[in-house]
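Remarks on the structure that follows.
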Amino acid sequence: KVSADKTTGIKQGENITLNVNPSDGYELEKLTVAGVDVTSKVANGQYSFTMPASNIAVTATFKEKSYSVWTQTVDHGSITASPNSNLKAGDTVTITAKPESGYKLEKITYNDNNGDEQTLTLDQNNQFIMPAYSVALTAHFVDDRPSYNVEVTQPQTGGTITANTTSAKEGDTVSLSATPSDGYLL
């Protein structure tokens with residue numbers, strides 16, 4: 001809706017302010033005053049002009065707001081969103097997760113319109129409903145490799161052997177230390 005601070009009894013040379021108030025979910029696409037596109041001159045929902053010596057026509061067109069989904073680059077995998085641009089609030093977006101070998105997707109987070117971190121809830125088809133703002137999604141992948149116990153068998157005499165951990169996953173480095181008893185050498 002566009003309204004003027006004054007609509008009747010206007011004299012030539014008077015300053016007129018138009019108030020541009022799109023409905024929820026919409027934004028101004030184009031505002032013309034006396035056939036001139038003044039869209040770029042609208043600031044804080046207002047446009048002012050000086051009344052000419054004749055009646056003028058004011059027209060406005062509005063369009064639905066569109067939003068985007070961005071995916072952050074993270075370690076141990078990636079996610080994609082489809083579609084990811086020109087989205088309207090209420091559109092369905094599909095997420096595809098591609099974890100690296102040995103990892104699984106733990107969760108996806110984003111910051112809401114207030115800047116608070118939220119966890120994205122996906123349905124059984126890995127889809128979510130687009131909110132009325134753009135979102136940057138961050139995937140969180142966790143190590144899903146099986147864990148194995150590290151057991152060190154001590155020699156009967158001559159010293160001790162220790163490991164820096166009691167469990168490890170495939171590809172992890174396990175360090176062993178051998179400490180000889182007095183009178184023994186490695």
Side-chain angles (χ1 to χ4, degrees), residues 1-8 10 14-52 54-145:
K1 162 181 157 181
V2 176
S3 60
D5 59 349
K6 192 172 182 184
T7 57
T8 58
I10 304 169
E14 269 188 75
N15 191 47
I16 304 298
T17 298
L18 300 176
N19 296 298
V20 180
N21 297 305
S23 299
D24 283 345
Y26 287 81
E27 61 190 356
L28 179 65
E29 183 173 32
K30 187 174 185 180
L31 178 66
T32 59
V33 176
V36 177
D37 183 351
V38 295
T39 310
S40 64
K41 297 177 182 175
V42 175
N44 299 318
Q46 294 187 327
Y47 171 73
S48 295
F49 64 95
T50 302
M51 187 67 185
S54 62
N55 290 337
I56 60 160
V58 174
T59 60
T61 54
F62 297 91
K63 63 180 180 179
E64 268 191 276
K65 288 183 179 179
S66 64
Y67 307 101
S68 298
V69 176
W70 299 284
T71 55
Q72 308 288 354
T73 301
V74 296
D75 292 335
H76 309 301
S78 65
I79 57 171
T80 56
S82 180
N84 62 9
S85 62
N86 296 317
L87 296 161
K88 310 285 186 259
D91 284 354
T92 299
V93 179
T94 302
I95 298 295
T96 303
K98 295 180 181 171
E100 288 178 0
S101 179
Y103 288 84
K104 69 177 181 179
L105 180 64
E106 177 188 35
K107 64 182 177 177
I108 300 172
T109 58
Y110 66 96
N111 289 338
D112 66 17
N113 231 7
N114 299 318
D116 297 324
E117 184 174 277
Q118 303 292 329
T119 298
L120 186 67
T121 302
L122 299 175
D123 67 14
Q124 69 275 10
N125 297 315
N126 290 328
Q127 297 176 328
F128 72 95
I129 302 302
M130 188 68 191
Y133 49 88
S134 294
V135 292
L137 304 179
T138 302
H140 301 264
F141 293 95
V142 292
D143 194 334
D144 195 36
R145 298 174 295 163

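Sequential numbering from 1 along the given sequence is applied to the chain's residues. Just so it is clear, the model here is predicted, and its values are computed rather than measured.
Sparse packing is recorded around NZ of K98, with 12 or fewer heavy atoms of other residues, nucleotides or ligands lying under 6.0 Å away. In this structure, D123 places its CG atom where more than 12 heavy-atom neighbours from other residues, nucleotides or ligands lie under 6.0 Å away. No more than 12 heavy-atom neighbours from other residues, nucleotides or ligands sit within 6.0 angstrom of CG on D24. The number of heavy-atom neighbours closer than 6.0 Å to OH of Y133, taken from other residues, nucleotides and ligands shown, is above 12. Counted within 6.0 Å of CG on N125, heavy atoms from surrounding residues, nucleotides or ligands total more than 12; the atom is thus considered enclosed. Dense packing is recorded around NZ of K88, with more than 12 heavy atoms of other residues, nucleotides or ligands lying under 6.0 Å away.
Nearest heavy-atom pair across L18 and A4 is CD2-CB, 3.7 Å. Smallest separation of non-hydrogen atoms from F141 and D75: CD1-O, 3.7 Å. For the pair N84 and A81, the tightest heavy-atom approach, listed with the atom from each and the gap, is CB-O, 3.5 Å. Of all the heavy atoms in A139 and L105, the pair that sits closest is CB-CD1, 3.9 Å. The two atoms that bring S134 and S68 nearest to each other are OG-N, 2.9 Å, heavy atoms only. Minimum interatomic distance between S66 and E27 (heavy atoms only, all atoms of both residues): N-OE2, 4.5 Å.
If you look at Y103 and H76, their ring centroids are closer than 6.0 Å.
Contact of the F128 side chain with the V69 side chain is registered, since non-hydrogen atoms from C-beta on lie closer than 4.5 Å. Two residues are said to be in side-chain contact when any heavy atoms from C-beta on lie closer than 4.5 Å; I16 and I56 fail this criterion. Inter-residue side-chain proximity for K30 and D37 is flagged as met; some heavy-atom pair is nearer than 4.5 Å. Side-chain atoms of F62 and L28, non-hydrogen and from C-beta on, do get closer than 4.5 Å to each other.
In this structure a side-chain-to-backbone donor-acceptor pair under 3.5 Å is present from T39 to L31. Looking only at distances, no side-chain donor or acceptor of N114 sits under 3.5 Å from a matching main-chain atom of D116. Panel note: side chain D91, backbone M130; no donor-acceptor pair is recorded below 3.5 Å.
Annotation: the span from M51 atom CE to E14 atom CD amounts to 8.5 Å, rounded to 0.5 Å. Note that OG1 of T119 is 9.0 Å distant from CD of E106, once rounded to the nearest 0.5 Å. For the atom pair OH of Y67 and CG of N86, the computed distance is 12.5 Å after rounding to the nearest 0.5 Å. To the nearest 0.5 Å, atoms CG (L120) and OG1 (T138) are separated by 11.0 Å. Atom CD1 of I95 sits about 5.0 Å away from atom CD1 of I108, to the nearest 0.5 Å. Within the model, atoms CG of D5 and OG1 of T17 stand 4.5 Å from one another, a figure rounded to the nearest 0.5 Å.
T59 and T32 share a side-chain donor-acceptor pair at under 3.5 Å. Judged by distance alone, the side chains of N111 and E117 never bring a donor and an acceptor atom under 3.5 Å apart.
Under the ring-ring contact (aromatic ring centres under 6.0 Å, His included) criterion, Y47 pairs with no residue, sequence neighbours left out.
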